[in-house]
Amino acid sequence: MAQRITIDPITRIEGHLRIDVEVDAGKVTKAWSSGQMFRGLETILKGRDPRDAWLFVQRICGVCTTVHALASVRSVENALGLEIPLNAQLIRNLVQSIHCLHDHIVHFYALSALDWVDVVSALDADPVKTAALADSVSNWPGNSPKRFAAVKEKVAALVASGQLGPFANAYWGHPAMALPPEANLMAVSHYLEALDYQRKATQALGIIGGKNPHVQNLSVGGVTTAINLDNDSTLNMHRLYQIKRLVEEVSGFIKNVYMVDVAAVGALYKDWLPYGAGVTNYLAVQDMFLDAKATTADLPGGTIMGGDLKSVKPIVGLNDAYFKENVQESIARAWYNGDWAKHPWEEDTDPKFTDFQDEGRYTWLKAPRFQGKPMQVGPLAQMLVGYAQGHEMTVKSVDAFLGTVSAVAGVTVGPEILHSTIGRHAARAVRAGMMADLALKHWGLLVENIGKGDLEIFNPPVFPKGEQKGVGYHEAPRGTLSHWIVIQDGKIKNYQCVVPSTWNAGPRDAEGQLGPYEASLMDNPIADPERPLEVLRTIHSFDPCIACAVHMLDPEGKEVMKVKAL
Ligand code: NFE
Ligand code: MG
């Protein structure tokens with residue numbers, strides 16, 4: 001008989017996500033994804049000055065702190081047809097790439113590694129053998145027997161104290177945990193080191209963005225990062241080199257630790273490669289633009305339908321008609337008034353709570369659709385649309401990574417394995433490596449441009465009478481983010497955010513098509529319904545952010561707790 005499992009809240013994510021599954025004969029047969037909070041940020045923007053919107057919407061989230069700011073200023077610039085100076089483009093690229101390094105590192109180690117890594121098993125590891133294992137895949141100087149012995153001691157002390165701290169309440173000893181003790185000890189050591197490297201990324205972001213979380217250096221029309229090489233208080237060579245050194249250190253960690261760990265975990269869990277594909281329609285947008293007009297970019301954009309790489313269609317620049325015309329959101333199964341699917345410019349956000357109805361409404365998330373189809377967004381989508389278009393950096397990076405996985409797994413694997421739970425981790429690690437290289441490349445482009453004497457950072461916006469519509473999009477760490485604005489006589493008439501975690505965590509639509517989280521859970525094995533580790537594996541692989549997805553908080557924080565999964 002089918003068994004119902006409710007996990008509420010899912011932790012090690014941002015925000016409040018509830019997942020329900022039905023399990024029959026050890027497999028998931030039905031799934032529901034539900035965002036459990038409401039804040040209403042889209043609503044409070046009405047009537048405000050479009051130049052202020054980015055400061056409000058950036059508060060949607062404390063994780064992807066920069067991305068809503070960037071999408072917002074781009075939406076206003078798009079509505080006005082306003083170009084920004086090259087320096088502003090490059091400084092924004094530094095902000096987005098450095099933020100992304102922080103975000104991807106935090107996701108793998110703090111938010112998802114413990115789904116695969118058994119901390120308690122690390123106590124059985126031999127530090128010398130652990131160092132030999134680590135040396136066989138990486139040259140990282142942190143991988144010494146002494147370091148691993150110290151980490152083992154630290155974990156033993158935590159276990160003895162009964163206070164596991166960040167390692168509390170996970171599914172230790174679960175039958176689906178398959179790594180040998182040495183791999184577990186290596187990963188725990190890297191978990192702790194990751195804390196230092198995510199901090200370094202944050203420091204670099206604080207220097208370029210003025211503050212972290214939530215950068216302060218954007219503006220409709222450019223950035224407010226004044227450049228003056230002879231002034232201590234502005235962006236100068238000293239600050240630029242501080243940023244570069246920090247990014248180089250973080251890049252070293254990503255290449256020698258994070259990417260290697262993901263390749264090793266993926267290879268050692270190759271039994272998991274068939275699970276978690278779900279929705280294989282993919283959407284990503286171009287980003288990391290190389291010129292003021294945003295005509296060329298270093299990150300690829302496009303769509304793929306039905307998992308067929310040959311179906312790829314490009315999305316180019318910041319004013320792409322194919323993207324602009326084909327996005328809609330459906331509220332048929334969400335807690336809003338109405339039953340429509342509408343283009344974001346035409347939408348409203350009018351909450352109407354009903355309680356959780358399996359066959360009716362069950363979430364605060366709207367269901368975004370592209371040409372009526374659910375789309376998976378995120379690093380995997382971006383790697384696949386790049387791969388399918390022969391985007392040089394993507395093809396090289398993905399092939400090199402798959403080579404490492406094949407070597408560790410002892411079988412040759414190709415890009416088809418990427419349509420999976422593990423594939424989402426792999427794609428994110430590959431993207432982190434690319435973003436590290438791109439952060440340094442765009443740092444170089446900025447220094448070169450400043451060296452030519454160009455110090456421009458801002459083109460002032462002018463708001464004409466009448467109505468203008470715009471969209472600002474950006475490839476955030478969790479995928480394609482778009483902000484849609486309607487301006488009337490210089491004030492915001494409508495503002496809608498269509499967010500990566502809304503694309504992925506959104507519900508069914510009027511046609512009953514499942515959202516990507518829901519679809520990816522189907523057929524996942526469940527070894528022990530009391531401890532649904534496998535559900536966490538697949539859901540965490542998307543890097544959920546429900547604060548972003550609903551941009552909305554039930555002040556009572558209603559809990560329907562069945563399982564607390566930590
Ligand atoms: Ni709050 Fe976010 C990202 C956005 S949500 S984390 O990345 O936008 O998907
Ligand atoms: Mg929205």
Side-chain angles (χ1 to χ4, degrees), residues 12-17 33 35 37-45 53-54 57-72 74-75 95-97 99-104 106-107 111 213-214 283-285 287 327-331 334-336 342-351 363-369 375-382 424 428 431-432 435 471-485 494-507 515-517 539-553:
R12 289 192 186 266
I13 66 164
E14 161 75 24
H16 204 123
L17 173 68
S33 162
M37 34 181 228
F38 182 92
R39 260 153 68 217
L41 273 142
E42 288 162 334
T43 310
I44 66 173
L45 287 175
W54 70 275
V57 290
Q58 193 176 203
R59 270 70 188 174
I60 283 175
C61 186
V63 174
C64 60
T65 63
T66 58
V67 306
H68 295 286
L70 188 51
S72 181
R74 281 181 175 171
S75 73
V95 166
Q96 79 162 274
S97 52
H99 166 258
C100 177
L101 303 183
H102 167 265
D103 197 306
H104 287 349
V106 170
H107 174 255
L111 304 181
H214 303 124
L283 165 70
V285 290
D287 220 322
V327 175
Q328 280 196 331
E329 291 193 290
S330 156
I331 56 160
W335 289 318
Y336 297 96
K342 286 185 183 173
H343 187 278
W345 285 327
E346 315 299 328
E347 278 184 40
D348 55 41
T349 302
D350 183 11
T363 178
W364 287 114
L365 273 67
K366 296 172 178 172
R369 295 294 182 260
M375 306 296 283
Q376 182 178 156
V377 302
L380 175 56
Q382 187 156 58
R424 279 184 284 276
R428 191 175 294 107
R431 185 171 187 269
M435 285 305 247
V471 58
Y473 45 86
H474 162 48
E475 191 66 14
R478 284 157 202 76
T480 299
L481 166 66
S482 53
H483 285 199
W484 306 76
I485 192 169
N494 196 7
Y495 200 100
Q496 294 289 331
C497 312
V498 183
V499 179
S501 290
T502 320
W503 283 101
N504 286 336
Y517 284 13
I539 294 298
H540 282 161
S541 71
F542 287 94
D543 196 357
C545 178
I546 303 309
C548 273
V550 205
H551 16 286
M552 298 185 190
L553 186 61

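Indexing begins at 1, ligand by ligand and atom by atom, following the structure's order.
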Using a strict cut-off of 4.0 Å, indicate which atoms of ligand 1 neighbour a heavy atom of [X].
X	value
Leu481	8 (O)
Cys61	1 (Ni), 6 (S)
Cys545	1 (Ni), 5 (S), 6 (S)
Val67	4 (C), 8 (O)
Ser501	5 (S), 9 (O)
Pro500	4 (C), 8 (O), 9 (O)
Val499	4 (C), 5 (S), 8 (O), 9 (O)
His68	4 (C), 8 (O)

Need the atom name: nearest N/O/S atom of Glu42 to the Mg ion (ligand 2). OE2
Is it the case that ligand 1 has an N or O less than 3.5 angstrom from some N or O of Asp103? no
Kindly determine whether Leu70 and Val95 satisfy side-chain contact (heavy atoms from CB on, under 4.5 Å), including the steps that lead there. CA-CA 9 Å; Leu70 188 51; Val95 166; over 6 Å; no
Identify the heavy atoms of [X] and [Y] that sit nearest to each other, and give their distance.
X	Y	result
Arg478	Cys64	NH1-CB, 3.9 Å
Arg431	Glu475	NH2-O, 3.3 Å
His68	His483	ND1-NE2, 3.1 Å

How far is atom 3 (C) of ligand 1 from its nearest protein heavy atom, and which residue and atom is that? Arg478 NH1, 3.1 Å
Identify the protein heavy atom lying closest to atom 5 (S) of ligand 1, giving its residue, its atom name and the separation to 0.1 Å. Cys548 CB, 3.0 Å
Consider only side-chain N and O atoms of Thr66 and Gln96, and report whether a donor and an acceptor are under 3.5 Å apart. no
Do we see a donor-acceptor contact under 3.5 Å between the side chains of Lys366 and Gln496? yes
Donor-acceptor under 3.5 Å (Ser72 side chain, Trp54 main chain): yes
Glu42 side-chain N/O to Cys497 backbone N/O, donor-acceptor pair under 3.5 Å: yes
is_close_aromatic(His343, Trp484), centroid dist under 6.0 Å: yes
Would you say Cys64 reaches atom 2 (Fe) of ligand 1 with an N/O/S atom under 2.8 Å? yes
